[in-house]
Amino acid sequence: MSDETEVISTLDLTGGLSVRRAKLQVSSGPEQGEEVTSSAEKLTIGSAQGNDLVLGDATVSRFHAELVREPGGYRLRDLGSTNGTRVDHVRIADAHVVDGSTLAFGNTSVRFTLVAEQDVVPLHPEPRFGKLVGEGVAMRSLFARLARLAVTDATILIEGESGTGKELVAEALHQQSPRGSGPFVVVDCGSIPSELVESELFGHEKGSFTGAVQERRGAFEAAHGGTLFLDEIGELPLAMQPRLLRALERRQIKRVGADTFRPVDVRFVAATHRDLRAAVNRGAFREDLYFRLAVGMVRVPPLRSHLEDLSLLLRHLWEETFRTLGLPARPYIAPGADTLHQLMALPWRGNVRELRNFVERSVAMSGALDAAFVQGATSSHIAPGQPSVRVDLSYKDAKEAWLDFFEETYLRQRLNAAGGNVSQMAREARVDRAHVIKLLRKHAVR
C-alpha cells in the first residue's frame, strides 16, 4: 500500500475524525465521465437505483460491490455479483485498493483516487450509549450516528457479525428516542418456524387455523406506541416479505383470518448478520423491502477491529457478570500484561458475546480473568483447559457453569462434524433446529 493511502483518517482538534474523500470516476462504460466523491464509511456500486454509484451496464449486478473506508485505507468487496469485480485486472472477492487503482464492475471500468478535501466525522463525547460501551474511534463514531438517528422515527437496518451487540444497539435506539417510554418488542426471525411467522408478526383470529383456540395479537400490535425490533431479518421467508413491506409502508396490519386492517404506530428496527444486498442478487430477498429497511444504516464493528476497547469491555462485563449471577460484588483486578496480550491475539469470531461468555466462565470457574477459559481459542499458547469445580459457589451456580462448558464443547464439535451445516447438526443431535440456533447464539458458536 502506498504512503498516500496509509493515512485515511486522523483525529481532529475538535474531537472529530478528519477523513479524506475518495473519488470514483467512470472511465469506460455507459456512464463514462460520471463520478462520485465522498468520505462516507461505505460506498455501494450497482445497477439498482439507490446505490452511491449507479451503473446502467447490463453486466453489472443490482448490488455489485462496496467500497469500505477503514483506518488503514479503502477496501473493495464483491457482493456476489454475476460477472465479478476486478482491481487492476485481477478478479477479487475482498481486497485493498490504492490511489489510482482501476476497478472493473462487469464491463465498466472505474478509476479510484483519493482527493485532498477532508470531511470531519463527529465522535460521541461519552464512551457509552445506552448499554453499549467503547472509547475508541470506531465505537464513538457509531455512538454519534446512533444519537442522530435515535431522535428520528426513521426505519433502521443494523448490520454486523453475530455477537456484536445488534440487539443492544436497537434497544439503545429505542431508549434514547421519543418512544422510549413505549414497548420494545423483539422478534427473532431465525428461530420461528416458517408456518408461524405470519401469526407471530400480525396475530390471528380465533379459529383461523388448527390450534388457534383464541385470538392473539402479533408483534406489530404489541409494539404499538414503541419500537418493533426484527432480529435476523435476512431469515424471513421470501413469501412473507411482501406482507411485511405493506405493513411498513402503510402502517396497517391484518391478523390471520381477519377481514379488516388495523392501524399500528411503531418505529421499525431490523438487524442481520447476512449481507442483504447479496441476498437480493440471489433472489432470496426483495429489493424493495431492502430499500424500505435501509432508510438509516448502522454497521456494528466486529470486536477485532476495536481491540483498544478490550480493557474497558472486560471491566464492564466483569461488573455486569457479578450482578447477573447474583454474586457479591468483587473489586475488578485488571488482567496482567501477558493475559491481556493473549486475549488481544485471539480472533474473537463470536465478538462481544464470546467475550461475555469468557468473563462469565472465568468468574464462575476461577474468580479471576484467565485466558485458559476462552473456548475454541486457536492461539498455540492458550490451552482450552478443563474447568475446575468452584466449591465457593452455590450448588446451582457451580452446576450451571459445568453445563455451560458441556453445551459449548458439544455444540462446537457437533457443528464441526456437520461441516458448519446447522440443519444437519440438528438432525444428528436430535434437537429441534430452532433450539439449536438459540444455543449457538447463546454460546457464540459459529
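Since we're looking at a predicted model, the values are computed, not measured.
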(Q) For His124 together with Phe129, are the ring centres under 6.0 Å from each other? (A) yes

Q | Ring geometry between Phe184 and Phe229 (parallel below 30°, tilted from 30 to 60°, perpendicular above 60°) | A | parallel

(Q) Between Arg274 and Glu235 (salt bridge meaning N to carboxylate O under 4.0 Å), is one present in this structure? (A) yes

(Q) Under 4.0 Å between a side-chain nitrogen and a carboxylate oxygen: does that hold for Arg251 and Asp265? (A) no

(Q) Regarding Arg21 and Asp119, does a basic nitrogen lie under 4.0 Å from an acidic carboxylate oxygen? (A) yes

Q. Side chains of Leu440 and Met425: closer than 4.5 Å at any heavy-atom pair?
A. yes

**Q.** For Thr44, the option from Val68, Asp52, Leu67 that meets side chain to side chain contact (heavy atoms under 4.5 Å, CB included)
**A.** Asp52

Q.
Between the side chains of Lys131 and Glu171, is the shortest nitrogen-to-carboxylate-oxygen separation below 4.0 Å, so that they form an ion pair?
A. yes

Q: May I have the step-by-step check of side-chain contact (heavy atoms from CB on, under 4.5 Å) for Ser47 and Leu55, ending in yes or no?
A: CA-CA 5 Å; Ser47 61; Leu55 302 175; 5.7 Å; no

Q: Check the pair Phe285, Tyr290 against ring-ring contact (aromatic ring centres under 6.0 Å, His included), reporting the backbone distance first and the verdict last.
A: CA-CA 7 Å; Phe285 203 85; Tyr290 169 77; 7.3 Å; no

Q. Taking NZ, NE, NH1 and NH2 as the nitrogens, is one of them in Asp188 or Arg441 under 4.0 Å from a carboxylate oxygen of the other?
A. yes

Q: Please name the residue in the list Lys42, Arg277, His273, Lys166 that meets the side chain to side chain donor-acceptor pair (under 3.5 Å) test with Glu159.
A: Lys42

**Q.** Glu360 and Arg356 ion-paired at < 4.0 Å
**A.** no

Q) Is it true that Glu41 and Arg299 make a salt bridge, defined as a side-chain N closer than 4.0 Å to a carboxylate O? A) no

(Q) Can you confirm whether Leu228 sits close enough to Val269 that some side-chain heavy atom of one is under 4.5 Å from a side-chain heavy atom of the other? (A) no

(Q) Between Glu66 and Arg77, does any side-chain N to carboxylate O distance fall below 4.0 Å? (A) yes

Q | Inter-residue atom distance Leu244.CG - Phe202.CZ, 0.5 Å rounding | A | 5.5 Å

Q) So, Arg282 and Asp275, do they make that salt bridge, N to O below 4.0 Å? A) no

Q) Between Phe291 and Phe63, does a ring-ring contact (aromatic ring centres under 6.0 Å, His included) hold up when you go through it step by step? A) CA-CA 12 Å; Phe291 281 121; Phe63 296 97; 5.6 Å; yes

Q: Nearest 0.5 Å please: distance from the CG atom of Asn421 over to the CZ atom of Arg414.
A: 13.0 Å

Q.
Quick test of your reading of the model: are Glu354 and Arg349 salt-bridged, counting only N-O distances below 4.0 Å?
A. no

Q. Is the closest basic N to carboxylate O distance between Arg304 and Glu161 below 4.0 Å?
A. yes

Q | Reported CG-to-CG distance for the pair Leu343 and Leu307, which is rounded to 0.5 angstrom | A | 10.0 Å

